[in-house]
Amino acid sequence: MYSPERKWVAKTVAILIAFASFVGCVFYDSVLWGAVTLPVMPMLYKQFKVEYINSQKQIMRKEFKEAIEVMSGSLSAGYSLESAVIAAEKELSKAGRNSVYMIDMLGHINNGVKCGYSVENLFVALGEESEISEISEFGQLIAAAKKYGGNIILLIMKTRDSITQKSVIEMEINTAIAQKSLEGKIMLFMPFGIILYMKLTDSSYIDGLYQGIFGRVIMTVAFYLWFLAKCMIDKIIRSVEND
């Protein structure tokens with residue numbers, strides 16, 4: 001569902017090529033030796049893709065919040081739930097509304113309703129497909145309200161508040177780990193900075209590392225130790241975010 005666009009793929013590939021060239025220049029004094037980084041490129045690309053998907057999920061969660069706010073207003077005006085979903089699609093489609101996913105998703109739900117599917121089951125399916133728990137939970141709450149009787153407007157407002165609270169919590173978490181993340185990035189940049197400093201000031205100290213097989217092996221080991229450190233830092237940051 002969150003497949004990267006060609007523009008994003010091209011940009012990411014260009015960044016990885018530039019990184020490989022930079023590593024080749026710094027660690028081997030040759031752009032061609034940047035090919036040593038090829039084994040780690042799939043992992044770096046996967047990491048970029050995970051970050052991209054997470055950002056797209058945040059966008060969809062925000063759009064869903066906007067959609068249920070429109071639905072809440074329509075229900076308060078006496079619309080049925082199905083009509084409120086149609087109204088939400090039309091509202092988000094208006095000029096000036098920049099919805100990446102939700103317009104198409106609401107259109108899919110409206111088409112499903114026309115084919116005889118229940119709107120609540122379609123929301124549950126959308127939540128599972130998009131991996132947005134608030135959307136599937138919303139569908140489940142609507143189904144329960146229809147079955148046992150309940151205030152659908154109140155359920156929508158609670159869903160909106162839940163998304164808002166989650167966004168606030170995530171913002172606080174991101175703020176809390178921002179400093180540690182910056183420290184990690186500085187640490188990762190330091191080996192490159194030290195090598196560049198020595199090359200620019202007095203390259204005679206490290207000329208041996210750019211000559212012969214022994215020097216190449218040492219620099220290759222150094223690069224992969226750097227990459228291992230990067231993986232450890234990323235793992236620590238992810239564990240903090242998950243907690």
Side-chain angles (χ1 to χ4, degrees), residues 1-9 11 48-175 241-242:
M1 180 177 185
Y2 302 106
S3 299
E5 300 176 351
R6 291 182 179 179
K7 183 178 180 180
W8 181 89
V9 174
K11 179 182 177 180
F48 285 140
K49 187 175 180 179
V50 169
E51 293 174 354
Y52 171 83
I53 290 174
N54 289 337
S55 67
Q56 297 307 297
K57 286 182 179 179
Q58 291 296 329
I59 292 173
M60 189 167 187
R61 186 177 285 112
K62 179 181 178 181
E63 292 179 1
F64 179 63
K65 178 185 173 183
E66 294 176 352
I68 61 176
E69 286 177 346
V70 176
M71 291 167 57
S72 176
S74 298
L75 289 169
S76 299
Y79 285 55
S80 66
L81 179 60
E82 289 75 11
S83 297
V85 176
I86 294 174
E89 180 188 359
K90 291 180 179 178
E91 179 66 25
L92 294 179
S93 299
K94 287 182 179 179
R97 303 301 291 269
N98 185 23
S99 295
V100 179
Y101 297 106
M102 194 51 60
I103 294 175
D104 290 338
M105 295 300 100
L106 291 176
H108 176 74
I109 290 174
N110 288 325
N111 291 333
V113 171
K114 292 177 182 177
C115 293
Y117 294 97
S118 66
V119 66
E120 57 270 21
N121 288 339
L122 290 168
F123 270 112
V124 172
L126 173 60
E128 292 174 350
E129 181 184 358
S130 62
E131 299 180 354
I132 306 294
S133 60
E134 290 86 355
I135 300 179
S136 56
E137 289 171 1
F138 174 73
Q140 294 167 2
L141 289 172
I142 295 298
K146 283 187 173 182
K147 184 175 182 180
Y148 301 106
N151 190 328
I152 295 179
I153 298 177
L154 180 60
L155 292 177
I156 290 178
M157 300 302 289
K158 286 185 176 180
T159 303
R160 181 200 64 185
D161 293 341
S162 175
I163 295 175
T164 301
Q165 291 174 2
K166 188 169 185 178
S167 299
V168 171
I169 292 173
E170 288 180 349
M171 186 177 297
E172 292 176 350
I173 292 174
N174 291 335
T175 301
E241 290 176 338
N242 293 332

Colleague: Could you check whether any side-chain N or O of Ser72 sits under 3.5 Å from a backbone N or O of Ile68, counting only pairs where one atom can act as donor and the other as acceptor?
Modeller: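 Not confirmed, Ser72 side chain does not pair with Ile68 backbone.
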
Colleague: Please name all residues satisfying side chain to side chain contact (heavy atoms under 4.5 Å, CB included) with Glu129, sequence neighbours left out, ordered by chain then number.
Modeller: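 Here the qualifying residues are Met1.
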
Colleague: Kindly indicate, with the supporting measurements, whether the criterion ring-ring contact (aromatic ring centres under 6.0 Å, His included) is fulfilled by Phe64 and Tyr101.
Modeller: CA-CA 9 Å; Phe64 179 63; Tyr101 297 106; over 10 Å; no

Colleague: Nearest 0.5 angstrom please: Ile103 CD1 to Glu89 CD, how far?
Modeller: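 Answer for the CD1-CD pair, Ile103 versus Glu89, is 8.0 Å.
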
Colleague: Kindly say whether Val70 contributes a backbone atom to a donor-acceptor pair with the side chain of Glu91 at under 3.5 angstrom?
Modeller: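 Not confirmed, Glu91 side chain does not pair with Val70 backbone.
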
Colleague: Quick one: closest heavy-atom pair of Ile109 and Val119, and the distance?
Modeller: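 Result for this residue pair: CG2-CG2, 3.8 Å.
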
Colleague: Over 60° means perpendicular and under 30° means parallel, so classify the ring planes of Trp8 and Tyr52, tilted if in between.
Modeller: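 Taking Trp8 first and then Tyr52, their aromatic rings sit tilted (interplane angle of 30° to 60°).
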
Colleague: Within a reach of under 6.0 Å around NZ of Lys62, are more than 12 heavy atoms found that belong to other residues, nucleotides or ligands?
Modeller: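 Not more than 12 within 6.0 Å, no.
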
Colleague: Could you tell me if the side chain of Leu126 sits less than 4.5 Å from the side chain of His108, heavy atoms only?
Modeller: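 Not touching, per the 4.5 Å side-chain cut-off.
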
Colleague: Quick one: does any side-chain atom of Ser83 pair with a main-chain N or O of Tyr79 as donor and acceptor, under 3.5 Å?
Modeller: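 No: the side chain of Ser83 does not pair with the backbone of Tyr79.
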
Colleague: With sequence neighbours excluded, tell me which residues meet ring-ring contact (aromatic ring centres under 6.0 Å, His included) with Phe48.
Modeller: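 Scan of Phe48 (ring-ring contact (aromatic ring centres under 6.0 Å, His included), adjacent residues dropped) gives none.
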
Colleague: Show the numbers, then the answer: is there a side-chain contact (heavy atoms from CB on, under 4.5 Å) between Val113 and Val85?
Modeller: CA-CA 10 Å; Val113 171; Val85 176; over 6 Å; no

Colleague: For the SG atom of Cys115 and the CG atom of Asn111, what is their distance to the nearest 0.5 Å?
Modeller: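 Between atom SG of Cys115 and atom CG of Asn111 there are 6.5 Å.
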
Colleague: Atom NZ in Lys57, atom OG in Ser133: separation rounded to 0.5 Å?
Modeller: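 Rounded to the nearest 0.5 Å, the NZ-OG separation comes out at 9.5 Å.
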
Colleague: Return the CE to CD1 distance between Met102 and Ile135, rounded to the nearest 0.5 Å.
Modeller: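 Result: 4.5 Å between the selected atoms.
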
Colleague: Could you measure the distance from the OG atom of Ser55 to the CE atom of Met60? Nearest 0.5 Å is fine.
Modeller: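 So the gap between those two atoms works out to 13.5 Å.
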
Colleague: Less than 4.5 Å apart, any side-chain heavy atom of Lys49 and any of Pro4?
Modeller: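 Yes, their side chains come closer than 4.5 Å.
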
Colleague: Counting only heavy atoms from other residues, nucleotides and ligands, does the tally under 6.0 Å from CD of Glu5 exceed 12?
Modeller: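 Atom CD in Glu5 is not packed in, count stays at 12 or less.
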
Colleague: Answer yes or no: is there a side-chain heavy-atom contact under 4.5 Å between Leu92 and Glu63?
Modeller: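 SC-SC contact between Leu92 and Glu63 ruled out.
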
Colleague: Calculate, to the nearest 0.5 Å, the distance between atoms OG and CD belonging to Ser74 and Glu82 respectively.
Modeller: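 With rounding to 0.5 Å, OG (Ser74) is 12.5 Å from CD (Glu82).
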
Colleague: What are the two closest heavy atoms between Ala88 and Met71, and how far apart are they?
Modeller: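 Minimum heavy-atom contact is CB-CG, 3.8 Å.
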
Colleague: By side chain to side chain donor-acceptor pair (under 3.5 Å), which residues pair with Asn121, not counting sequence neighbours?
Modeller: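 Side chain to side chain donor-acceptor pair (under 3.5 Å) check on Asn121 returns Ser118.
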
Colleague: I'd like to check Met105 versus Phe123 (side-chain heavy atoms, cut-off strictly below 4.5 Å). Are they in contact?
Modeller: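 No; the side chains remain at least 4.5 Å from each other.
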
